[in-house]
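Read the structure below first, then the notes.
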2 protein chains.
Amino acid sequence: MDVKTLCLGLLTQGAASGYDLKKRFETCFKSFYSAGYGSIYPALAYLADTDLVTCEEISQDGRPDRKVYRITDKGRDYFTEALASHQPAHKMRSEFLAMIFFAEFIPPDRLNKLIDERAEELQQILKELEAMSDTLAKHPDSGVEFVAGFGQTITRAALDYMQQYRHLLTKETSAQRQAS
Amino acid sequence: MDVKTLCLGLLTQGAASGYDLKKRFETCFKSFYSAGYGSIYPALAYLADTDLVTCEEISQDGRPDRKVYRITDKGRDYFTEALASHQPAHKMRSEFLAMIFFAEFIPPDRLNKLIDERAEELQQILKELEAMSDTLAKHPDSGVEFVAGFGQTITRAALDYMQQYRHLLTKETSAQRQAS
DNA sequence: CATAAATATCTCAAATTGATATATAACGGG
DNA sequence: CCCGTTATATATCAATTTGAGATATTTATG
């Protein structure tokens, strides 16, 4: 499931420009899949090349042309087939956890700041996921519902854990006591 | 926190070859940060170039030379400084959740298989994290402890959620009933 | 009235992935 | 004893992705 395929997937929800698609990534996939313009625009160019989407250029005065992409029947087939056959990978890169792993090299103040900042990020994500669940009352969709609930559960678990166990990190070690 | 910096970090735990380092990534950072040879070997070459590590080539009969890397004082300083100043990013790419998001395009059998397989992966990760916690009894380290506990908490939350709410996905929708 | 944010596309160097190539030893099953 | 698999060990490379920046205008906001 590369950015190409997911652009196709998001286009099943309706025609969109690259700019729009970026926003859909941010609202729908926030918390578990990110994509920047650097991958979205080349993806759309490729999809148009291979007739999985069509591109309608709408000229606007002043700004660059707005290019609206629409999924084709071939594209829909391709997407369904991708969902049916692709083996999903799970990749994560948490620099936060990587740094905390080396907590013994980090002064307590800095550790507290790192945790507080990460907690704030998670609170933000939680808020957005809750907003997503609210929207669903009007447009029910089991997949979206499951994913939004999943995100909320995980995020709450992360927040709880951090608050409950942060003291583990800032308790002075014998090494740190000697240094001070 | 790129692979370069984390190689340096792992080398604070003792000298290692690229091959060893890969295994350390897999045991220590499993579940939250992965790195392949394709990034580790270039990283080590760069670190050696900039005197953050030294490289000792140990010739072995038959196999290629084993190159053992050791962190230098300069490297240790660089790493501590990186931990002190770097803003940690959190990136995740869950193709699993991305696919589930589009559950309405996926037949129930396939959905069940996807969930079962993901659950198995999570069980496996959980087992490894628990093994990590056990090891800690002998070599206590607050950072490692926190991270291992964090992973366990999140993983259990994910597994629980999946089992509790998977029925949301495989309940037939009106669209699917019509198709059959 | 200035200035920040939103709209909109695109490029590019750098980092990373994932697969592959190379070569040997060790281990277990048939 | 042979065969396949796993472990040891390094390295390269195309494809993908990131993250930042270039460009240019309109629309809010203070």
Side-chain angles (χ1 to χ4, degrees), chain A residues 1-8 15-27 29-30 32-50 53 55-69 82 86-95 98, chain B residues 1-8 15-27 29-30 32-50 53 55-69 82 86-95 98:
Chain A
M1 281 284 140
D2 50 16
V3 175
K4 268 198 282 291
T5 311
L6 287 176
C7 283
L8 212 48
S17 66
Y19 187 77
D20 297 333
L21 235 35
K22 173 91 191 300
K23 283 195 293 187
R24 283 194 201 166
F25 267 101
E26 274 159 11
T27 54
F29 296 165
K30 179 91 183 190
F32 67 85
Y33 201 110
S34 59
Y37 292 127
S39 35
I40 291 173
Y41 282 114
L44 287 171
Y46 171 86
L47 292 171
D49 264 4
T50 51
V53 304
C55 172
E56 185 192 358
E57 291 192 43
I58 299 169
S59 52
Q60 300 177 116
D61 30 285
R63 309 185 197 177
D65 288 3
R66 188 179 143 83
K67 294 186 182 175
V68 175
Y69 295 89
H86 192 86
Q87 208 54 29
H90 185 90
K91 215 179 313 166
M92 184 164 158
R93 161 156 296 191
S94 172
E95 297 181 12
Chain B
M1 278 287 139
D2 50 16
V3 175
K4 269 199 282 289
T5 311
L6 287 176
C7 283
L8 213 46
S17 66
Y19 186 77
D20 297 333
L21 235 34
K22 172 92 190 303
K23 283 195 293 188
R24 284 194 199 166
F25 267 100
E26 275 159 10
T27 54
F29 296 165
K30 180 92 183 191
F32 68 86
Y33 200 111
S34 60
Y37 292 127
S39 34
I40 291 173
Y41 282 115
L44 287 170
Y46 170 87
L47 292 171
D49 265 2
T50 50
V53 304
C55 171
E56 186 191 358
E57 291 193 44
I58 299 168
S59 52
Q60 300 176 115
D61 32 285
R63 307 185 198 178
D65 288 2
R66 188 180 144 84
K67 294 185 182 177
V68 175
Y69 295 88
H86 192 85
Q87 210 53 29
H90 185 89
K91 217 178 314 166
M92 185 164 157
R93 161 156 297 191
S94 172
E95 298 181 12

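Note on naming: letters A, B, ... go to the chains in the order of the sequence lines (proteins, then strands), and numbering restarts at 1 for each one.
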Separation of C:dC10 atom P from A:Lys22 atom NZ, nearest Å, is 15 Å
Calculate the interatomic distance between A:Ile58 atom CD1 and C:dA8 atom C1'; express it in whole Å. 12 Å
Report yes if the side chains of A:Asp2 and A:His86 come closer than 4.5 Å at any heavy-atom pair, otherwise no. no
Could you tell me how far apart A:Leu47 (CG) and D:dT16 (P) are, to the nearest whole angstrom? 12 Å
Using a 4.5 Å cut-off on heavy atoms from C-beta on, say whether the side chain of A:Lys67 contacts that of A:Ser17. no
Rounded to whole Å, please give me the gap between CZ in A:Arg24 and P in C:dT7. 14 Å
Search all heavy atoms of B:Tyr41 against all heavy atoms of B:Gly18 and return the closest pair with its distance. CE2-CA, 3.9 Å
Between D:dG19 (C1') and A:Tyr41 (OH): distance, integer Å: 15 Å
Nucleotide C:dT24, atom P - distance to CZ of B:Arg66 in whole Å: 19 Å
Are A:Arg24 and A:Leu6 close enough that some pair of their side-chain heavy atoms sits under 4.5 Å apart? no
B:Tyr19 has an atom OH; how far is it from atom P of C:dA25, in whole Å? 15 Å
Does the pair A:His90 and B:Met92 meet the rule for a side chain to side chain contact (heavy atoms under 4.5 Å, CB included), with working shown? CA-CA 8 Å; A:His90 185 90; B:Met92 185 164 157; 3.5 Å; yes
List, with names and distances, any nitrogen or oxygen atoms from the protein found under 3.5 Å away from nitrogen or oxygen atoms belonging to nucleotides 12-18 of chain C.
| unit_1 | atom_1 | unit_2 | atom_2 | d |
| --- | --- | --- | --- | --- |
| C:dT16 | OP1 | A:Arg93 | NH1 | 3.0 |
| C:dT17 | OP2 | B:Ser39 | OG | 3.3 |
| C:dG18 | OP1 | A:Lys91 | NZ | 3.3 |

Short side-chain N/O contact from B:Ser17 to OP1 or OP2 of D:dT10, under 4.0 Å: yes
Does a nitrogen or oxygen in the side chain of B:Lys23 sit under 4.0 Å from OP1 or OP2 of D:dT8? yes
A:Asp20 CG to C:dA6 P, in whole Å, measures 15 Å
With heavy-atom distances below 4.5 Å as the criterion, would you say the side chains of A:Val3 and A:Phe25 are in contact? yes
